[in-house]
Number of protein chains: 2
Amino acid sequence: MAEEKNTQERLVWAVAVCRERGLRRTKAMKELLRVLIEAKGPLTLSDLCGVQSLSEQCDKATVFRLLGRLQEKGVIRRLGLHERAAYYAFAYPGEHFDYLVCTDCGKIEALELDCPVEVLEKEVMEQTGFSGLYHELEFFGSCPQCVG
Amino acid sequence: MAEEKNTQERLVWAVAVCRERGLRRTKAMKELLRVLIEAKGPLTLSDLCGVQSLSEQCDKATVFRLLGRLQEKGVIRRLGLHERAAYYAFAYPGEHFDYLVCTDCGKIEALELDCPVEVLEKEVMEQTGFSGLYHELEFFGSCPQCVG
DNA sequence: GTACCTGCAAAACCTTTGCAGCATC
DNA sequence: GATGCTGCAAAGGTTTTGCAGGTAC
């Protein structure tokens, strides 16, 4: 229940942000956001198109273009994660995840660490003159199942 | 001079490791390692194939397969860096770089930070049961030139 | 001599775009 | 009604693989 409400809150927030920033409120957009919000971890374009509720709603090209727009408006984040394909994850204000990836089976876990990198961010900005900094941190290794 | 010697030392180390771990000492391998060692930052497969000394030496498919083997033997590292193509960088023991990427012009800088993440690594291993952990940390933002 | 490595070429994948029609505002 | 969004289909890039021949050991 609390879960359910949480999803709803996030969805409302995300749609509102998108509207404010000029996007139209389409069914495909809402469904894509819902899937990303409920996902356990980051998903690829292929993953997303494999979700029936979404593929019934719209085409792959549309999902692709939506991902670009949603990222631009700041409600989702694009991740590298060492794989060939790009991953996308919902980005709620004040939440930041780092990721733990198994290099053998490809499993991805989100870690909500008390991340010491945030302090570094300011330092790097000052030293390099870069602005609007954010970071991506991933740990790679072998998960217990793969080590056997 | 010191630079030169440094390159040489690294090359010798890398070739030795590769030999020990079962790879053959080919010209292509040595040239690829030399290019990666002398590179200022991480390079893509395309970048590498654009280097004349290397493209004269071997085919793109060979570079691709070499990159896989070198990574497997632990002398180079594969990076995501948010781009479509994978990046590769030389990995000398005890050295670790984090990266600063301009999201506007794509410029990549290596940062040799006193990285607080190394401490976290052990913690994550203990909590998750993952083994052989390493990490990748990237900062993204706009460089001074792009902000104008 | 054997096992591994290479070149060439083609296949496989993921991403990106053009254009005509449709939905949202 | 105007503008932005969608579907379909095709193009663009990067990565990956098969196979016959060459090379390191």
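Below, all heavy atoms of this structure are taken into account, side chains as well, without hydrogens, waters or symmetry copies. Within every chain, numbering begins at 1; the chains are lettered A, B, ... in the order of the sequence lines, protein sequences first and strands thereafter.
Closest approach to the B:Arg24 side chain among D:dT17, D:dA24, D:dC5 is made by D:dA24 (side chain taken as heavy atoms from C-beta onward). Closest approach to the B:Asp59 side chain among C:dT17, D:dT15, C:dC8 is made by C:dC8 (side chain taken as heavy atoms from C-beta onward). Side-chain atoms of A:Ala85 lie closest to C:dC14 of the nucleotides C:dC14, D:dA24, D:dT14.
Following rounding to the nearest Å, B:Leu70 (CG) and C:dC4 (P) show an atom-to-atom distance of 17 Å. Rounded to whole angstrom, the span from the CG atom of A:Leu48 across to the C1' atom of C:dT15 amounts to 14 Å. Atom pair A:Lys73:NZ and D:dG4:P shows a separation of 11 Å (rounding to whole Å applied). If you take CD of A:Glu72 and P of C:dT16, they are 14 Å apart, rounded to a whole angstrom. Straight-line distance from the CZ atom of A:Phe64 to the P atom of D:dA10: 19 Å, rounded to whole Å. In this structure, CG of B:Leu81 is placed 15 Å from P of D:dT14, rounded to the nearest angstrom. For B:Lys60 and D:dT15, the NZ to C1' distance is 9 Å, given to the nearest whole Å. Rounded to an integer number of Å, the gap from A:Gln57 CD to C:dC22 P is 17 Å.
For B:Arg69 and B:Glu72, the salt-bridge test fails: no basic side-chain N is under 4.0 Å from an acidic carboxylate O. One finds a salt bridge joining A:Glu38 and A:Arg34 here, because a Lys/Arg side-chain nitrogen approaches an Asp/Glu carboxylate oxygen to under 4.0 Å.
The shortest side-chain heavy-atom distance between A:Glu136 and B:Leu137 does not fall under the 4.5 Å cut-off.
With hydrogens and angles ignored, a donor-acceptor pair closer than 3.5 Å exists between the side chain of B:Arg65 and the base of C:dG7. The base of C:dC14 is not paired with the side chain of A:Arg84 by any donor and acceptor separated by under 3.5 Å.
No engagement by A:Glu83 is indicated, since no non-hydrogen atom pair under 4.0 Å with the nucleic acid exists.
Positionally, the nearest nucleotide of DNA chain D for A:Lys27 lies more toward the 5' end than for the other of A:Lys27 and B:Tyr87. Of the residues near DNA chain C, A:Arg25 and B:Met29, the one whose nearest nucleotide (by heavy atom distance) lies more toward the 5' end is B:Met29.
At D:dC5, none of the side-chain N or O atoms of A:Thr26 fall inside 4.0 Å of OP1 or OP2 (strictly under the cut-off). For the pair B:Thr62 and C:dG7, the criterion of a side-chain N or O lying under 4.0 Å from OP1 or OP2 is met. Remark: A:Arg69 is not in phosphate contact with D:dG4, judged by side-chain N or O atoms under 4.0 Å from OP1 or OP2.
A donor atom on one side chain and an acceptor atom on the other are found under 3.5 Å apart for A:Ser53 and A:Glu31.
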Can I get a per-line list of side-chain donor-acceptor pairs under 3.5 Å for residues 86-98 of chain A, giving both atom names and the distance, sequence neighbours left out?
residue, atom, partner, partner atom, Å
A:Glu95, OE1, A:Arg10, NH1, 3.4
A:Glu95, OE2, A:Arg10, NH2, 2.6
A:His96, NE2, A:Asp98, OD1, 2.8
A:His96, NE2, A:His135, NE2, 3.0

